[in-house]
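Reading through the C-alpha cells given below for one structure.
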Amino acid sequence: MEYNVKLDAFEGPLDLLLHLVNRLEIDIYEISVLQITDQYMAFIHAMQELQLDVAGEYLLMAATLLEMKSKMLLPTEEEEYIEDDYEEFEGDPREELIRRLVEYRKYKLVSEQLKQREAKWQLVYAKPPVPLGEPEVKPLSEDISVYDMVSALQKLARRKQLEVPKTTKIERQEISIKDRMNEVMAVLDQAYGKKTFYEFYDGSDREQTVTTFLAVLELMKKGMISCRQEGNFADIMIYKTEGKRRE
Amino acid sequence: MNKTAVIEGLLFLVGDDGLETKQIADVLEMDGKTVTELMEQMKMNYSGEASGFELVEVAGVYKFMTKPELAPYIQRLIESPGKSNLSQAAMETLAIVAYKQPITRAEIEDIRGVKSERALQRLASHALVKEVGRAEGTGRAILYGTTDEFLQYFGLHSLQELPPFPEELQEQPSEEEIELFEK
Amino acid sequence: MNKTAVIEGLLFLVGDDGLETKQIADVLEMDGKTVTELMEQMKMNYSGEASGFELVEVAGVYKFMTKPELAPYIQRLIESPGKSNLSQAAMETLAIVAYKQPITRAEIEDIRGVKSERALQRLASHALVKEVGRAEGTGRAILYGTTDEFLQYFGLHSLQELPPFPEELQEQPSEEEIELFEK
C-alpha cells in the first residue's frame, strides 16, 4: 500500500484522519474504527520508519484510536459490540471522534471559502491616505488597544508595498563615482568634516550604495578623507583630511 | 460643487482609511439615511467599465479601491512581489476565531487537534485577530476575536457577511453562533 | 478594461506621488506621445463640476488633486471625531517606538518613509513616548522609548505582551513568516 508520508501536508491528526476517510470513500458517520485505526497506524509507522519526527499530537491520536479499537474488539459486559449498530449503544466510543471530525471538516470548508475571498481581495488595492493634519489635542479615549497599534503597522506595510519605484532610480545609476566623490566631500563640509559611514547611505538603492562605497575608497586612496573605527562593529567615522583640497 | 463631487474628493484623500457614514453626514450636514442612499447611488456610478476604481463598503467604512482588472498593471508599476497568502494553518485558525468568537486558544486547539499558539500569534501580528476579553473562571484565558483588519482582508462589510457556517440538518445552531450572527 | 480607466486607477492609487509619462507608457505599453494626447483628453474629463478631483501636471508628473472648493469640507473632516484621537501617523510612530525602542527619529522615518517630527511631538505631549537617552556617534541623536503611561494606557504589564512585530516591515522575512505565508 502506498502512503503519502509527508506529514507536512496535513494540519494535524484530524486532517490526516479526514484524508484517510476520503481515501477510503466512506461516510464520516460510518467510520469503521478497525479500518481507520489500521490505516492511521500504518501511516504513523511509515513516518517512523523514515525516522521522521512524529509530533505528539499524532501519537496522542494513535493512542486514542488504539484504545477505541481494543474496546471494539473486547466484548463489553452486556453484550458483544456490533460496530455498525452504534445508535443502539450508549456511549459509542466513536461518537466523540466523529463529532470532532465533522466539526473540523466544517472549518476546513469555511477556510476554503475564506481562501477564495482572500484571493479575490488581494487583487484590489486601496490608496494610502493623505495626512490631513492632526486634530486638536484632546485627551486620549479609553478604547484604544494594542491592536490599534498593530493595525497601524499593517496600514504602514500596505502603504510601503505600494511605493512606486521612482524613475530617478535609473538616473542614479548614471551617477559616476566622480560625482559621488564630490557629493561625499560636500556632505562632509556641511557636517563640519566628519560623519559616520552609515549616514552616507540612504538605504534602498543598491546602485547608490555601491557607488558611494567606491567613492569613499577612491577618496581614501587620494588622501582626501580618512576613516576610523573605534572597535569591532562600531560605526566607521569618515573624516575630511585637513589640508587637502577638492579639485 | 455638488455633494457627490465632495464625497468623491474626500474619499480620494482618505484612501485606505475610508469614511464612516457618520463622518460623511457630519461634513455634508446630511442625515445618515440620505448618506446611505447617496452612497448606493454612487456605488453604481463607479461600477462601469469607464472607472478604474470602485466604491466599496468594508469594515464599516466606505472607500475607493482599484478594480481587480487593474491588478496586473499595478503589479507592473510597483514591482513588488505579489501579496502573500495566509498558510493553511493560519487560515484554519482564523476561520475558527471568526465563527466561534470570542474563543480561547484551548478551544481552538480542541477543534483543530493541534497546537495553535504560533498561528494565533502570527494572526495577531497581522492585526487579523485581537484579544477581546478574558474567559470567566480560574485560568482567565484570553478570548480572541477578529478585527476590522480581518473584515478588510476579506472585503467584508461586517461579520454577517461571512460565508454561512455549514450546519447539519439535525443540528440546532449553537447559542454562540446565533449571537455571532445577530451582532 | 479601457486605457483611461486603467490610468485613472493607477493615478488614484499613487495619489500625490503621481506618474510620469514614461511610467504610464511603460505600464500600458504605449508610446509617450499617445500617452500625452490621452492625458490631455483625460484632463477635460475631470474638469467638470461632477468631479471632486482634477488631473494636473506638475513638473512632468501627472497626478490627481482634490479641487480647491473642497478645502472647507476637508477642514470639517479633520475636526469631525473619527474612531481614535490618535492619527494614523501618530499611531504608526507609537507602534514603531514601542517595538523598536530605543530608537532615533531618523530610524523611525526610515521605517515610515515620511517625516515624523510632528507625530513624535504629539506622542510626547500625550506622555506616551519620552527621550530615553542619546545614540552613540556624532549626531548623538535623541533616542525615544515608551513611558509607563503608555503601558498603562494600553493595559500592558510589560512590553513583552506586545504581539510580534509584523513581518512585512522586517528587513528579512523570518522563518516563521515563510511558514505562515505560502506564495
Side-chain angles (χ1 to χ4, degrees), chain A residues 8 115 124-168 170 191-199 201-204 230-231 233-239, chain C residues 9-10 12-20 22-23 26 66 74-75 77-96 98-99 106 110-114 118-119 121-122 125-126 128 136-139 149 153-156 161-169:
Chain A
D8 285 358
K115 252 194 179 324
V124 304
Y125 296 79
K127 168 187 167 293
V130 173
L132 292 181
E134 298 274 339
E136 294 289 294
V137 182
K138 282 172 275 183
L140 294 171
S141 72
E142 291 296 305
D143 55 355
I144 300 182
S145 72
V146 170
Y147 157 71
D148 293 294
M149 264 196 310
V150 183
S151 171
L153 288 177
Q154 286 303 318
K155 284 186 182 149
L156 168 60
R158 280 201 287 277
R159 187 176 80 219
K160 295 208 95 171
Q161 195 214 357
L162 286 176
E163 276 172 8
V164 178
K166 293 274 177 289
T167 346
T168 45
I170 299 156
Y192 307 104
K194 66 175 185 175
K195 213 163 169 61
T196 68
F197 190 57
Y198 178 77
E199 284 173 303
Y201 297 101
D202 58 5
S204 52
E230 297 297 332
F233 309 116
D235 266 349
I236 298 168
M237 293 297 301
I238 298 180
Y239 296 89
Chain C
L10 295 178
F12 161 76
L13 198 59
V14 298
D16 206 33
D17 289 343
L19 290 175
E20 292 166 32
K22 191 179 175 308
Q23 288 173 308
D26 285 352
T66 50
I74 296 170
Q75 200 48 46
L77 181 65
I78 294 170
E79 281 147 26
S80 153
K83 277 183 198 159
S84 132
N85 26 21
L86 280 182
S87 64
Q88 163 71 14
M91 196 59 95
E92 223 172 79
T93 306
L94 180 59
I96 293 167
Y99 279 96
D110 202 44
I111 297 174
R112 292 191 60 218
V114 287
R118 290 250 322 264
Q121 280 169 2
R122 170 56 53 99
S125 80
H126 281 297
L128 295 169
E136 307 257 316
T138 23
E149 284 90 337
Y153 184 66
F154 284 92
L156 297 167
E161 284 181 15
L162 288 172
F165 191 71
E167 295 92 350
E168 290 95 325
L169 294 170

**Asked** Which pair of non-hydrogen atoms, one from C:Ile96 and one from C:Arg112, has the smallest distance, and what is that distance?
**Response** CD1-CG, 3.3 Å
**Message:** Need one label for A:Leu162: side chain, backbone, both or neither, based on atoms under 4.5 Å from any heavy atom in chain C.
**Reply:** side chain
**Asked** Of the backbone (N, CA, C, O) and the side chain (C-beta and beyond), which part of C:Ile74 lies under 4.5 Å from a heavy atom of chain A, both, or neither?
**Response** side chain
**Request:** Tell me, for C:Ala98 versus chain A, whether the close heavy atoms (under 4.5 Å) come from the side chain, the backbone, both or neither.
**Result:** side chain
**Message:** For C:Ala90 versus C:Ala119, what's the shortest heavy-atom pair and its separation?
**Reply:** CA-CB, 4.1 Å
**Message:** Is it the case that atom CD in C:Glu136 sees more than 12 heavy atoms from other parts of the structure closer than 6.0 Å?
**Reply:** no
**Request:** Show your working on side-chain contact (heavy atoms from CB on, under 4.5 Å) between A:Tyr125 and C:Leu10 and close with a plain yes or no.
**Result:** CA-CA 10 Å; A:Tyr125 296 79; C:Leu10 295 178; over 6 Å; no
**Request:** Dump the intermediate steps for side-chain contact (heavy atoms from CB on, under 4.5 Å) on C:Leu162 and A:Met149, then the final yes or no.
**Result:** CA-CA 10 Å; C:Leu162 288 172; A:Met149 264 196 310; 3.7 Å; yes
**Asked** Side chain, backbone, both or neither: which part of C:Leu156 has an atom under 4.5 Å from a heavy atom of chain A?
**Response** side chain
**Prompt:** At a heavy-atom separation under 4.5 Å, does A:Arg159 approach chain C through its side chain, its backbone, both, or neither?
**Reply:** side chain
